Amino acid sequence: MKYTLLFAALAGCIAVHAQVIKGNNTGGSASSGAVTQIVNYDSSDFGPGITAANVQIGINWQGEDASNIFFNEAISVVLTSPSGTSVQLIQPRQGSIAPTYGYNAGALNTWGPVTTIFADNGASAASGTAHPMPGTWQPQNPLNAFIGESPIGDWELTISYINFLGTDVLNWSAFNLFIAGGLMPVELTKFEVKEMGNGQVQIDWQTASELDNDYFLLECSNNAKDWKSIAKVTGTGTSFDQVDYQFIDKSTHKGTIYYRLKQVDFDGTHEYSEIISLDLKSEKDDLFKVFPNPAEQFVTLENAVGRITIYNALNQVVHSSENEISSYQLDLNNLPKGQYIIQIRGKNNEIKEQRLIKL
């Protein structure tokens, strides 16, 4: 499974989409504490199934109103995605003597507009750099933390201007977000197993979207180490609709069985799903038991979850009830002496029967 990036220059792209740039041009200023501004992306900005594949941000600093000449200012800038992921672009050190990102306010009180681009491919790290700093810089923490998230919603930029002395004010005129989206890989939304009886297992899985999905290999194991392929199921290629898949493993398994999916693209690249397991009861453990037998007044039914039906020798129904517990005591006082068949019909319509003699 892979992302299809949105840059036309990248080789191997199957679908190309434009980078979407949106900004907040209201500007702002901070002298103490934090100021948060928002850029919003909506569903019209990206096609269906798009996630963030690359994120950059540019801030247009307007200048500073300075009232002292001490090297004692520091800036903290945090970008938060609609999903709640936060990335620190600029982060000062602890204490007021040597902030990571500070400058001599008095010497720079006349500087004009400066644009700083934060991108993971920046030539140098922003850490320890004096302001103003035009050009492209690596943020304090990588912006690739946003990769794979939906870009739709409010992106928040929080700027804190930390003043240890004086009353300086930091100003900015705008900031812009540069988000390139990528088509989602195969998104597996369900992978479940269910016991069918007689050691057989039903496996269901569901995808919300698929990109270049050639096929699935369903694999099983008895120890979660040694795997064998038991089914090859064709994928839908590229789809943005929900797709449901199902396979019945008719092998007779006992104990714990493990399953995983190997998803294979048209170019041969592949990825594995999580491993899920199922504990299968042995036939002995699941045996329907009736004791004592023969019985006079009461009889205990073991492994008897389901509908209990008792037939007499004429094949007439003389008792019917639902039972939800494994061990169930049945009152026989209303039944005349004779031979009976006790039938249990389970949730999967599996039928189990035992003969009973009433004394």
Side-chain angles (χ1 to χ4, degrees), residues 3-11 13 16-30 35-41 45-46 50-64 73-82 85-93 98-105 107-108 110-149 151 155-162 170-182:
Y3 291 101
T4 301
L5 301 182
L6 304 189
F7 299 104
L10 293 179
C13 290
V16 178
H17 300 268
Q19 177 178 256
V20 180
I21 304 173
K22 301 191 80 171
N24 185 320
N25 298 316
T26 59
S29 62
V35 176
T36 298
Q37 294 184 329
I38 292 174
V39 164
N40 177 270
Y41 285 85
D45 294 318
F46 294 95
I50 298 297
T51 61
N54 185 55
V55 177
Q56 300 180 17
I57 182 169
I59 302 176
N60 299 326
W61 307 103
Q62 189 64 31
E64 181 209 15
E73 290 80 17
I75 303 170
S76 173
V77 182
V78 177
L79 179 63
T80 303
S81 71
T85 301
S86 293
V87 168
Q88 192 96 31
L89 306 179
I90 307 170
Q91 181 180 20
R93 296 193 189 105
T100 297
Y101 189 27
Y103 50 90
N104 186 322
L108 299 173
T110 59
W111 56 270
V114 172
T115 299
T116 304
I117 302 293
F118 293 98
D120 288 344
N121 61 358
S124 302
S127 175
T129 304
H131 196 63
M133 44 184 289
T136 302
W137 301 79
Q138 297 173 14
Q140 183 84 16
N141 299 116
L143 289 161
N144 63 18
F146 298 125
I147 292 178
E149 293 186 358
W155 291 76
E156 299 181 350
L157 183 71
T158 301
I159 299 178
S160 301
Y161 186 48
I162 303 170
L170 179 70
N171 302 304
W172 62 93
S173 60
F175 73 93
N176 295 284
L177 271 177
F178 309 82
I179 298 181

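Computed from a predicted model, the values in this text were never measured in an experiment.
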Please name the pair of heavy atoms, one in [X] and one in [Y], separated by the smallest distance, quoted to 0.1 Å.
| X | Y | answer |
| --- | --- | --- |
| D45 | K22 | OD2-NZ, 3.1 Å |
| N60 | N176 | ND2-ND2, 4.0 Å |
| Q88 | Q140 | O-CB, 3.3 Å |
| Q138 | D120 | CG-O, 3.8 Å |
| P151 | I179 | CB-CG2, 4.1 Å |
| L177 | Y41 | O-OH, 3.1 Å |

Let's go through L79 and L143 carefully: what are the C-alpha distance in whole Å and the side-chain angles of both, what is the deciding distance for side chain to side chain contact (heavy atoms under 4.5 Å, CB included) to 0.1 Å, and is it a yes or a no? CA-CA 9 Å; L79 179 63; L143 289 161; 4.1 Å; yes

Evaluate W137 against T116 for side chain to side chain donor-acceptor pair (under 3.5 Å), listing each step before the verdict. CA-CA 7 Å; W137 301 79; T116 304; 5.5 Å; no

Within a strict 4.5 Å, meaning less than it, do heavy atoms of the T36 and T80 side chains meet? no

Out of curiosity, [X] [atom1] to [Y] [atom2], how far, rounded to the nearest 0.5 Å?
| X | Y | atom1 | atom2 | answer |
| --- | --- | --- | --- | --- |
| I90 | N141 | CD1 | CG | 11.5 Å |
| W172 | L157 | CH2 | CG | 8.0 Å |
| N54 | F178 | CG | CZ | 11.0 Å |

Side chain to side chain contact (heavy atoms under 4.5 Å, CB included), that's the test. Do F118 and V87 meet it? Break it down for me. CA-CA 11 Å; F118 293 98; V87 168; over 6 Å; no

Quick one: does N24's side chain have a donor or acceptor within less than 3.5 Å of a partner on V39's backbone? no

Can you check side chain to side chain contact (heavy atoms under 4.5 Å, CB included) on F175 and I159, steps first, answer last? CA-CA 11 Å; F175 73 93; I159 299 178; over 6 Å; no

